[in-house]
Amino acid sequence: MSSGASLLGGEAVVTAGVYVHVPFCLTRCGYCDFNAYAGLDELKPRYLRALLGEIALSAPAWSDVEVGSVFLGGGTPTTMTPGDLGSLLAELRRAFDIATDAEITTEANPDTVDEASLSGLLAAGYTRLSMGAQSFDPAVLRALERVHTPDSVRQAFEAARSARYANVNLDLIYGADGETLESWERSIAETIALAPEHVSAYALTIEPATALGRAVARGDVRAPDPDVQADMFQLACSMLGDGGYGHYEISNWAKPGYECRHNLGYWRRQPYLGLGAGAHSYRDDRRWWNVRPPEEYLATVERCELPIGGSETLDAADAYLEEIFLRLRILEGVPSSWIDDERAEPYLESGLLTEDDGSLVPTERGMLLLNELVLGLTARE
Ligand code: SF4
């Protein structure tokens, strides 16, 4: 848990994040294993009412925290109207102590926004926009079964700037079937040319229970080649670094001062409350999660019950492992004093780790082998 000095007389104030899950999408992308659904539009009014109900049910237990960030994710939150998303944020502000300078983000799909809707979202208080671009290569977008085109990303980005958005993230995915290093290079170059404040670039992973996972299992589609993805990762590190983006988490780069505070909260193990179907929460080494199917979520909240589907408490050993993993992931590194010299030495010698100002920090190669690094640094005798 993280705390900060109180302005009201010395007591520590806990800073938390609030995540709101919106499960609606225009279509279902073949690679997606998120809790997201196409064709459930008729549930939207009930879903908004249920979110407002869940806010009322959960807020009392969080009255002692200051909310430093709000993040609407999905799914595609912008399949709901700016008016509905504005009502949601107004209710969050009424129920929680949201800091005046809180970072407030909504994810957006390029095909669901225009200048008018983005102006509405900005006026409602969503001051940060995270847009799923994924690629600027039409063939890669088709391989990912994304319905938008590179042009719709460019138009949505320009609409965001016209609406006066000054804090925009573009999400990219690399390693789809047929994507070459040259195509990926063009996607990064186009991204840098648009000059968003933040870029996320994720290696495509194949989840067995998705349409893409089944296509790979049948042999219809090739699985990503880890060596090509490693080259793509290193190309992203080099081009985004040259473009003025600081690499602050394995998959995230930002112009100075634009690091995503909400996601940093997750990685720094600060508490967060998740609202909506399948949303996860964390506080004091306890994790819990809401029921995942939207209908079950709605029915539970409509009975005025918290829609909790399960929970777990981390023991000290698990909490330590998680701390090491997350510190390496956000490139803050692990204090050298936490790790025996003989454990760290092989990784320093092989160039997977480097020592920086008393901390062990993964190199680019080390980031590609993070699980191996964490296991090697923490293995019990
Ligand atoms: S838009 Fe995003 S959340 Fe929706 S189906 Fe596609 S990848 Fe999943």
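We count ligands from 1, going down the list as the structure has it; atoms in each ligand are counted the same way.
- With salt bridges taken as basic N to acidic carboxylate O contacts below 4.0 Å, one links E302 and R46.
- Look at C25 and atom 6 (Fe) of ligand 1: no N/O/S atom of the residue is under 2.8 Å from the metal.
- Aromatic ring centroids of F233 and Y174 lie 6.0 Å or more apart.
- Close approach to Y31 involves these atoms of ligand 1, each under 4.0 Å from a residue heavy atom: 7 (S).
- In this structure, the protein non-hydrogen atom closest to atom 6 (Fe) of ligand 1 is C29 SG, 2.3 Å.
- Heavy-atom separations between T27 and ligand 1 include at least one value shorter than 4.0 Å.
- Salt bridge absent: D284 and R286 never bring a charged side-chain N and a carboxylate O closer than 4.0 Å.
- Taking 4.0 Å as the cut-off, G132 does not count as a neighbour of ligand 1 on heavy-atom distance.
- Close approach of ligand 1 to A36 (heavy-atom distance below 4.0 Å) involves ligand atoms 3 (S).
- Only side-chain heavy atoms of T76 come within less than 4.0 Å of ligand 1; its backbone N, CA, C and O stay farther off.
- Given atom 3 (S) of ligand 1, the protein heavy atom at minimum distance is G75 N, 3.3 Å.
- Taking every heavy atom of C32 and a limit of under 4.0 angstrom, the matching atoms of ligand 1 come to 3 (S), 5 (S), 7 (S), 8 (Fe).
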With salt bridge (Lys or Arg N to Asp or Glu O under 4.0 Å) as the test, would you mind laying out the steps for E190 and R154 before giving the verdict? CA-CA 9 Å; E190 283 238 31; R154 293 182 196 105; 2.7 Å; yes

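- Of the listed residues (R146, R28, E107, H148), the one carrying the non-hydrogen atom nearest atom 2 (Fe) of ligand 1 is R146.
- Only one option out of E296, E54, H280 pairs with N290 in a side chain to side chain donor-acceptor pair (under 3.5 Å); it is E54.
- In this structure, R283 forms no cation-pi arrangement with W288, as its terminal cationic atom is not both closer than 6.0 Å to the ring centre and no more than 45° off the ring axis.
- For the pair R28 and E145, the salt-bridge criterion is not met [side-chain N within less than 4.0 Å of a carboxylate O].
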